[in-house]
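Just below is one structure, and these are the notes that go with it.
Both backbone and side-chain heavy atoms feed into the values below; hydrogens, waters and symmetry mates do not.
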There are 2 protein chains.
Amino acid sequence: MENTLFDFISKYISLTEEEKDAILSLDLFRFLKKGTTLLEAGQKSKNSYFVLKGCIRIYYIIDGEEKTTAFYTEMDALTPHCVINKAPSEYFISCVEDSILLISNSDMEAEINSKFPKFELMCRILSEELLAKERVDFDAFKTSSPEQRYMNLLQKRPDLIQRVPQHQLASFLGIKPQSLSRLRARLLEKKS
Amino acid sequence: MENTLFDFISKYISLTEEEKDAILSLDLFRFLKKGTTLLEAGQKSKNSYFVLKGCIRIYYIIDGEEKTTAFYTEMDALTPHCVINKAPSEYFISCVEDSILLISNSDMEAEINSKFPKFELMCRILSEELLAKERVDFDAFKTSSPEQRYMNLLQKRPDLIQRVPQHQLASFLGIKPQSLSRLRARLLEKKS
DNA sequence: CTAACTCGTTCACTTAAGTTAAAAAATACA
DNA sequence: TGTATTTTTTAACTTAAGTGAACGAGTTAG
């Protein structure tokens with residue numbers, strides 16, 4: 001668990017043993033049950049999440065319907081929009097599975113970043129990377145059909161298709177559950 | 001022009017006159033003609049862009065078709081994916097209009113960031129903001145129909161609809177030019 | 001144990017986007 | 001200015017996603 005975290009950090013900066021201990025002493029690890037809500041729409045929060053184990057999702061409630069738009073699994077980091085713009089959240093976050101998360105808050109992060117330039121550097125690089133990647137993902141979504149998106153997902157994140165309920169996958173792909181079901185049937189047909 | 005830049009920076013950090021002069025002495029401003037290509041797919045580059053005036057776009061060529069996925073206008077910043085992952089670019093960048101850009105390269109940025117922690121701080125905050133916003137934009141795209149996306153654009157970036165050719169807007173909205181034209185006709189019909 | 005729910009699938013029908021083609025309008029440029 | 005080129009619109013037809021409803025399997029709760 002600590003190893004997962006430090007392996008991740010080591011991709012960006014190197015930490016001394018003291019620094020590692022300092023991080024661990026903050027006691028940020030949290031064990032959460034499937035279905036636990038971490039953030040509600042309308043709510044303000046300062047918490048950021050890093051997934052050590054399990055899966056969390058972002059979803060909206062639009063016309064009474066849940067619309068899941070993003071999944072975060074092992075080694076994924078998420079700072080909600082409401083933390084950045086200090087406004088009520090536009091979306092919910094909850095656990096898709098029993099999960100182990102590192103939960104930090106923005107005040108604490110600001111303090112650490114100003115004390116340890118190394119950490120600030122890591123955060124900059126990480127968010128620049130995530131931003132560039134999000135851009136490319138968004139582009140791929142725009143330029144492809146639901147069927148292509150599904151096949152792309154099958155390639156890039158096959159695990160998701162196993163661990164996530166299909167109606168959540170459907171809205172993640174920008175379609176209705178019935179359409180995903182039909183689409184899958186269509187693909188099976190094609191293969192044979 | 002300098003003012004546009006410093007107004008932008010002042011939202012994040014405050015600069016002394018010396019620091020401002022130092023930035024200006026780097027001579028990063030570039031004047032570009034409409035249609036100029038800044039980056040080609042397959043090419044490697046270290047350049048980041050900040051739009052002071054005008055408009056640039058990201059586009060792909062898929063099956064011989066141009067697919068425009070993003071527009072950057074006044075006060076927008078863009079670091080291409082290829083700069084981040086040091087791999088050949090998956091997309092093109094070109095000027096939609098005559099534009100004034102600030103063009104920096106990643107080596108230079110790394111140097112400045114390590115010399116001036118203030119700058120590193122700005123870059124971190126900026127990319128965290130952009131990442132959170134990109135997430136919300138992507139979500140809005142996923143959860144809405146082409147018609148809703150168009151109406152949303154009409155509200156949020158009415159200028160774009162004026163300054164950008166419709167076939168580029170269409171792929172930005174994830175549809176074909178014919179569909180956008182039809183969609184617009186449908187909306188006009190509804191209004192009356 | 002059964003009633004209530006949730007989830008995935010199927011079906012018939014509606015709606016809108018994709019496709020192909022052609023014409024009309026706007027723009028560039030020689 | 002007139003011609004070429006690009007952009008936008010229109011139309012007819014195809015394809016696939018949305019909608020509303022129903023069904024069975026699996027799960028949960030009383």
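Rounding to whole angstrom units, CD of residue B/Q168 and P of D/dT6 are separated by 14 Å. In this structure, the CD1 atom of A/I161 is 18 Å from the P atom of C/dC7, given to the nearest Å. In this structure, B/R163 places its CZ atom 19 Å from C1' of D/dT7, rounding to the nearest Å. Rounded to whole Å, the distance from CD on B/E66 to C1' on D/dT7 is 13 Å. When rounded to the nearest whole Å, the span between CG of A/L183 and P of C/dT10 equals 13 Å. Atom P of nucleotide C/dA17 and atom CZ of B/R149 are separated by 9 Å, given to the nearest angstrom. Look at NZ on A/K176: it is 19 Å from P on C/dT14, rounded to the nearest Å. Straight-line distance from the CD1 atom of B/I175 to the P atom of C/dA16: 13 Å, rounded to whole Å.
Distances shown here put every side-chain N or O of B/R182 at or beyond 4.0 Å from the OP1 or OP2 atom of D/dA11. The side chain of B/Q166 places an N or O atom within less than 4.0 Å of a non-bridging phosphate oxygen (OP1 or OP2) of D/dT9. In this structure, A/S181 does not reach the C/dG8 phosphate: none of its side-chain N or O atoms is under 4.0 Å from OP1 or OP2. Residue A/Q178 has no polar side-chain atom (N or O) positioned under 4.0 Å from OP1 or OP2 of D/dG20. Dashed line: the shortest gap from a side-chain N or O of A/H167 to OP1 or OP2 of C/dT6 is not under 4.0 Å.
The side chain of B/R186 sits closest to C/dA16 out of C/dA28, C/dA16, D/dA17. Distance from the side chain of A/P146 is smallest to D/dA17 among D/dT9, D/dG18, D/dA17.
The residue among A/S179 and B/P165 whose nearest nucleotide of DNA chain D lies closer to the 5′ end is B/P165.
By the 6.0 Å and 45° rule, A/K142 stacks over the aromatic ring of A/F138. In this structure, B/R149 forms a cation-pi arrangement with B/F141, its terminal cationic atom sitting closer than 6.0 Å to the ring centre and no more than 45° off the ring axis.
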Chi angles and distances behind the salt bridge (charged side-chain N to carboxylate O under 4.0 Å, His left out) call for A/E129, A/K133: CA-CA 6 Å; A/E129 276 184 15; A/K133 191 171 168 305; over 6 Å; no

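Residue B/K46 places its NZ atom among 12 or fewer non-hydrogen atoms of other residues, nucleotides or ligands, all under 6.0 Å distant. Under a cut-off of 6.0 angstrom, the local environment of NZ in B/K11 is crowded, with over 12 non-hydrogen atoms contributed by other residues, nucleotides or ligands.
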